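First comes the structure, then the notes that go with it.
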Amino acid sequence: MTDATGENPLIGRLREQFGDAIVETHAFRGDLTVVVVPERYHDAARFLRDDPECSFDFLADLTAVDRLKLKQKPRFEVVVHFYSREKNTRIRLKTRPNSDAEPSVQSLTDLYPAANWPEREVFDMFGIRFAGHPNLKRILMYEEFSGHPLRKDYPVNKRQPLIEERPVPDDRLGMTF
Amino acid sequence: MGVGGDAPGFFTSRLSDGIAWARKWSLFPYPFVTACCGMEYMSVSAAHYDLDRFGAAWPRFSPRQADMLLVVGTISQKMAPVLRRVYDQMCEPKWVVAFGVCTCTGGFYDNYATVQGIDRIIPVDLYIPGCPPRPETVLDALMKLQAKIQKQRHPLIGAVRNAGASAS
């Protein structure tokens with residue numbers, strides 16, 4: 001589904017609206033991806049929800065990617081999947097927080113209440129802060145946990161037991177599978 | 001000779017054997033079920049495999065009334081204090097069975113969230129490997145636990161001790 005210039009009309013509409021704020025787009029057989037600068041991320045989500053041509057009224061998923069080992073800058077990428085119940089179409093909105101040390105983007109909870117828990121999970125697992133979130137605290141790990149386990153620089157073997165562990169039998173130590 | 005002290009006499013050893021016989025045929029399990037192994041546990045305890053043949057059919061959902069703690073399924077670090085408390089709430093004598101490979105060693109959950117074997121939290125009497133274990137494996141384990149209970153010393157006063165273990 002393309003227009004005269006060979007571009008998907010939905011992406012064309014977003015490009016018309018946001019211009020240079022769109023970093024990158026990708027479209028393959030109805031699988032649409034739009035990467036926007038973090039400053040316009042919230043606006044883009046609002047446009048996708050409210051524009052009658054888009055009407056993406058359903059936030060299907062919100063997650064993140066740590067691109068440390070891909071050696072790409074900026075390091076983090078927040079990924080949101082939207083679905084339009086009216087038009088039966090899907091779109092993927094991505095944004096890359098500017099700071100690698102203290103990554104932060106705007107929260108979508110004011111637009112989509114469904115973003116509440118996924119944003120807490122992304123904060124828990126990746127340490128990305130969501131400005132304007134009503135209750136940004138850990139959702140899966142315990143409060144005593146330090147660090148963010150899905151970051152690529154979190155050591156695979158690092159354990160943080162909540163209670164003191166008993167000594168393990170000698171034959172179990174140093175076992176690898 | 002006999003009634004007092006640690007040396008087992010004829011009377012106390014007969015008494016111990018009798019108590020062991022009674023205890024091994026009336027195990028009251030507390031199923032601490034957290035994951036998919038629970039399905040296999042249900043299968044074992046239902047009519048087809050029938051744990052009741054071994055006197056261990058009646059799950060007590062209060063740790064205070066149970067004497068066999070069946071830990072069935074992955075234990076996360078967040079769940080560890082809960083399991084520890086349940087174990088502490090059980091009265092002596094008590095036995096712990098690690099059901100499934102996740103409880104034995106953490107299984108393939110070699111990650112930040114999972115306890116690498118529940119024996120890091122509580123002492124375990126019997127390990128049942130498998131992902132999930134076959135019901136036959138569980139029945140075999142139950143019989144092994146019964147054999148273990150029969151071999152232990154059961155004094156009228158004091159904790160159950162392994163046969164042959166030193167008195168201290």
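Just the heavy atoms: all of them, side chains too, but no hydrogens, waters or symmetry mates, feed the values below. So that the names make sense, note that chain A is the first sequence line, chain B the second, and so on, each numbered from 1. All of these numbers come straight from a predicted model, not from anything done at the bench.
- Only one option out of A/H148, A/R151, A/R75, A/K152 pairs with A/D66 in a side chain to side chain donor-acceptor pair (under 3.5 Å); it is A/R75.
- With a 4.5 angstrom heavy-atom cutoff, A/E164 touches chain B only via backbone atoms.
- Ring-plane geometry between B/F32 and B/Y30 is classed as tilted, the angle between the planes lying from 30 to 60 degrees on a 0 to 90 degree scale.
- Using the six-membered ring where Trp is involved, A/F126 and A/F76 have ring planes that are perpendicular, over 60° apart on the 30 and 60° scheme.
- Using a 4.0 Å cut-off between a side-chain N of Lys or Arg and a carboxylate O of Asp or Glu, A/R166 and B/D119 do not qualify as a salt bridge.
- Counting heavy-atom pairs under 4.5 Å between each of A/E144, A/M141, A/Q160 and chain B puts A/M141 at the top.
- Ion pair A/R67/A/D100 not flagged as a salt bridge, since none of the NZ, NE, NH1 or NH2 atoms sits closer than 4.0 Å to an Asp/Glu carboxylate oxygen.
- Ring geometry for A/Y83 versus A/F58: interplanar angle over 60°, hence perpendicular rather than tilted (30 to 60°).
- Contacts between residues 18-47 of chain A and chain B, counted as heavy-atom pairs separated by less than 4.5 Å, involve no residue at all.
- Because its NZ or CZ atom is not both nearer than 6.0 Å to the ring centre of A/F123 and within 45° of the ring axis, A/K137 does not count as a cation-pi partner of that residue.
- In this structure, the portions of A/L162 lying under 4.5 Å from any heavy atom of chain B include both its backbone and its side chain.
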